Amino acid sequence: MRSFATLGVALACGCAGSGHGPGAAVDASDASDAPGDLTADWVVSLPAGAPAAGRLSPRLLGHYDLSGALLDYTHNTPLRTQMSAIGFAEWRVGLGRWELATRLLPTLADGRATSCAGQLAQLPATVRAPDNATDDTLIADRDWFADTGQPVTLADTADDARYRLAYVRDVLDTAAAFGAAPFVGIDHMPRALGASRTFVRGGPPLAGVTDPCLATWTNHVSNVRPADPSVFAAAVVGAVRRVVEGSPGAAPRSAPYWEVWNEPELGYAWDPSFELPPGTLDAYFATAITTLTQLAAYRAASASPAARGIKLGLGSFASAATAVSTLGSLDHNPLPDGSFAPIDFLSFHAYSNDPLAIVAAIGQVAAARAASQHYRGIELALTEWGPDLASPPPASTMDPALLVATVIARGAALGLDHAHHSLFYAFVPGLAYAVVGNDGAPLPLYHAYELLHAVIGSGADRLAIASAPDGALGGGVGAVIAGRGADGAIRVLVVNRDTQAHRVRIELAAAAQIARRIDVFADPAAPVHSVAPASVVSVPPRAIALFSL
């Protein structure tokens, strides 16, 4: 995750509280048309029998955020309550602690001790480092492998005493308290294993960081390649084994997904000055493939069902283009033994205020998967996404809700398996990307997830839509997703981003349907409300409507 440019921007949301979701009292003021008038400009046509075109995974309702352990999310009851109600299914977290805008130090480690007082003055004390903290002390709870000052050997990776896993276990316990399955990034280089031991923050800017004062993790140590990829890989296997199987004094934790690194194309996350050779990602890919290969061997040899069930991937690439080129390279370059890199999923990021740009990014990676020879069955994970980080729309508007509903509806049609929106909590008041405000109240975006959860639930059949197989309506100004839940009910979600209303008709086997309930979210300052069912319904401008058949 790159720097947030709008941490200090105040929210101006007049959102209502929770408890006003689908099924609220009918408000006939939203016009539904007379039963005999079937004219519609958007027709959602479900074939006879409503055949399934795939599955809608609850993992599409995932999020990326701080670990939660850092700011004690577990005891934030309003946050837990709100997130549980919208089906918070998966939480992308980290093995080490690399989040930006947390544990901030008063000066840079740039050789001049440049002051960060101006930046820190705009932020609450909760995100500052403890008094008298230094780069050296901060890694005490970041590094997952202990440092003795000596090079680490393969034999050292078998020593229980070298592992520092209290932080990641706390992270996993926090996710469990929210009812969310963790998706773990191996995204932090312990000082003991890295190619650099000297802290440097500041100086020439690194891609992905707009202000080094907000990025104590980008320190020329925690974001470098390993000194020895094989030793690093063995240490990762040791950490994963101790987490999923337990170790003396520590119970096993559920952690089914593990990915290698985060945004390695950007210098803030993978320092290019330590690449071999500089200007390439050769060291990153050597590290990732070595680590994945050793993890796959551990998985195959383990007697633990939890270990045998873990899934492995790489990337969290900053762009879909990197994910596409990576998949092509892996597909055409076997390992020395003739096998191919063992990946169960490929992860990437996309940020834009235009939801169709994010949909296009998903489509690029989905097309690359379909064209591959060896990876057609892997899962696709959009592990960070949301509005433009530099200029997001205000949280008080409909824009975030329309963006999210469009991306998930269209992404599901493309076969997306995981989606982790950034971010779910305004841990800093005024954070423009949040689902829940700093005071625990739902923001407008919350109601998009509320309606999406009604469609997807704990998993649903994604239904074929003959009139919109790619989920697009009105040339892309609208979007649609249809699901059949475990209760057998069919639910259709329609997104209208247009500035004018659109008349919508739902058909099953060419027969117009009258939904038993229609829920609409059209006013960012008001909750979801129900409207009178009819054969044709006028979906308001810039609104989301849920039809429950």
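Please read these numbers as outputs of a predicted model, since none were measured by experiment. What you see below is based on every heavy atom in this structure, not just the backbone, and it leaves out hydrogens, waters and symmetry mates.
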>> Can you give me the closest heavy-atom contact between Arg369 and Ile378, atom names plus distance?
In response: NH1-O, 2.9 Å
> If you round to the nearest 0.5 Å, how far is CD of Glu265 from OG1 of Thr326?
Replying inline: 7.5 Å
>> Between Arg253 and Asp173, does any NZ, NE, NH1 or NH2 come within less than 4.0 Å of an OD or OE carboxylate oxygen?
In response: yes
> So, for Tyr351 and Tyr433, is the gap between ring centers shorter than 6.0 Å?
Replying inline: no
>> Please check: side-chain N/O of Trp91 versus main-chain N/O of Phe88, any donor-acceptor pairing under 3.5 Å?
In response: no
> Just wondering, do Thr406 and Arg497 contact through their side chains at under 4.5 Å, heavy atoms?
Replying inline: yes
> Hey, mind stepping through Ile86 and Leu61 against side chain to side chain contact (heavy atoms under 4.5 Å, CB included) and telling me if it holds?
Replying inline: CA-CA 8 Å; Ile86 57 172; Leu61 305 178; over 6 Å; no
> Where is the tightest heavy-atom contact between Ala121 and Arg128, given as atom of each residue plus distance?
Replying inline: CA-NH2, 4.0 Å
> To the nearest 0.5 Å, what is the distance between CG (Leu100) and OG1 (Thr216)?
Replying inline: 8.0 Å
> Do Asn262 and Glu384 come close enough that some side-chain heavy atom pair is under 4.5 Å?
Replying inline: yes
> Which heavy-atom pair separates Leu56 from Gly483 by the least distance, and what is that distance?
Replying inline: CD1-CA, 4.0 Å
> Charged N to carboxylate O below 4.0 Å: is that the case for Asp187 and Arg92?
Replying inline: no
> Does the separation of the ring centres of Trp385 and His349 fall below 6.0 angstrom?
Replying inline: no
>> Under the criterion side chain to side chain contact (heavy atoms under 4.5 Å, CB included), I'd like the reasoning laid out for Phe317 against Leu346: C-alpha separation, chi angles, the key distance, then a yes or no.
In response: CA-CA 9 Å; Phe317 295 115; Leu346 183 66; 4.0 Å; yes
> Nearest heavy-atom pair of Thr174 and Ser67: which atoms, and what distance?
Replying inline: CG2-O, 4.0 Å
> Which of parallel (below 30°), tilted (30 to 60°) and perpendicular (above 60°) describes Phe345 and His418?
Replying inline: tilted
> Should Thr383 and Phe183 be marked as a side chain to side chain contact (heavy atoms under 4.5 Å, CB included) after you check the CA-CA gap, both sets of side-chain angles, and the distance that decides it?
Replying inline: CA-CA 9 Å; Thr383 47; Phe183 186 107; 3.6 Å; yes
> For the side chain of Asp41 and the backbone of Arg503, is there at least one donor-acceptor N/O pair under 3.5 Å apart?
Replying inline: yes
> Would you say the side-chain atoms of Arg410 pair up with the backbone N or O of Asp470, donor to acceptor, closer than 3.5 Å?
Replying inline: yes
> Does Asp498 come within less than 4.0 Å of Arg542, counting only side-chain N to carboxylate O?
Replying inline: no
> Hey, are the side chains of Val428 and Pro124 touching, using non-hydrogen atoms and a 4.5 Å cut-off?
Replying inline: yes
>> In the structure I gave you, are the side-chain heavy atoms of His63 and Tyr449 within less than 4.5 Å of one another anywhere?
In response: yes
> Side chains of Tyr257 and Glu90: is there a donor and an acceptor less than 3.5 Å apart?
Replying inline: no
>> What I'd like to find out is whether the side chain of Gln513 reaches to under 4.5 Å of the side chain of Ile490, using heavy atoms alone.
In response: no
> Between Arg462 and Ala412, which heavy-atom pair has the shortest distance, and what is it?
Replying inline: NE-O, 3.3 Å
> Considering all heavy atoms of both residues, which atom of Gln364 and which atom of Val324 are nearest to each other, and what is their separation?
Replying inline: O-CG2, 3.6 Å
>> Once side chain to side chain contact (heavy atoms under 4.5 Å, CB included) is applied, do any residues pair with Ser352, and if so which ones, sequence neighbours excluded?
In response: Asp354, Ala357, Ile358
> Are the side chain of Arg484 and the backbone of Ala50 linked by a donor-acceptor contact shorter than 3.5 Å?
Replying inline: yes
> Do Trp217 and Thr102 have side chains that get closer than 4.5 Å, going by heavy atoms?
Replying inline: no
> Charged N to carboxylate O under 4.0 angstrom, Asp344 versus Arg299?
Replying inline: yes
> Just by modelled atom types, is the Ala215 backbone N or O under 3.5 Å from a matching donor or acceptor in the Tyr268 side chain?
Replying inline: no
>> Can you tell me which residue among Leu38, Val44, Val43, Leu46 is in a side chain to side chain contact (heavy atoms under 4.5 Å, CB included) with Glu507?
In response: Val43
> Who pairs with Ala466 by side chain to side chain contact (heavy atoms under 4.5 Å, CB included), at least two apart in sequence or on another chain?
Replying inline: Ser45, Pro47
> Within the distance-only criterion (no hydrogens, no angle test), does the side chain of Asn438 pair as donor or acceptor with the backbone N or O of Ala426 below 3.5 angstrom?
Replying inline: yes
> Once you round to the nearest 0.5 Å, how far does CG of Asn496 lie from CG of Leu402?
Replying inline: 8.0 Å
>> Could you go through Leu66 and Tyr73, starting from their C-alpha distance and side-chain angles, then the distance that decides it, and tell me whether this counts as side chain to side chain contact (heavy atoms under 4.5 Å, CB included)?
In response: CA-CA 9 Å; Leu66 300 182; Tyr73 284 11; 3.7 Å; yes
> Just how far is it from atom OG1 of Thr126 to atom CG of Asp72, taken to the nearest 0.5 Å?
Replying inline: 12.0 Å
>> So, taking the atom named CG in Leu382 and the one named CG in Leu416, what distance separates them when rounded to the nearest 0.5 Å?
In response: 5.5 Å
>> Does any part of the side chain of Ser347, heavy atoms only, come nearer than 4.5 Å to the side chain of Ser316, both counted from C-beta?
In response: yes
> CG of Leu414 to CD1 of Ile362: how many Å apart, nearest 0.5 Å?
Replying inline: 6.5 Å
>> I'd like to know if the side chain of Asp65 reaches the main chain of Tyr425, judged simply by a donor and an acceptor atom lying under 3.5 Å from each other, with no hydrogens or angles considered.
In response: yes
> Residues in side chain to side chain contact (heavy atoms under 4.5 Å, CB included) with Ala176, at least two apart?
Replying inline: none
> Are side-chain heavy atoms of Asp388 and Asn353 found at a separation under 4.5 Å?
Replying inline: yes
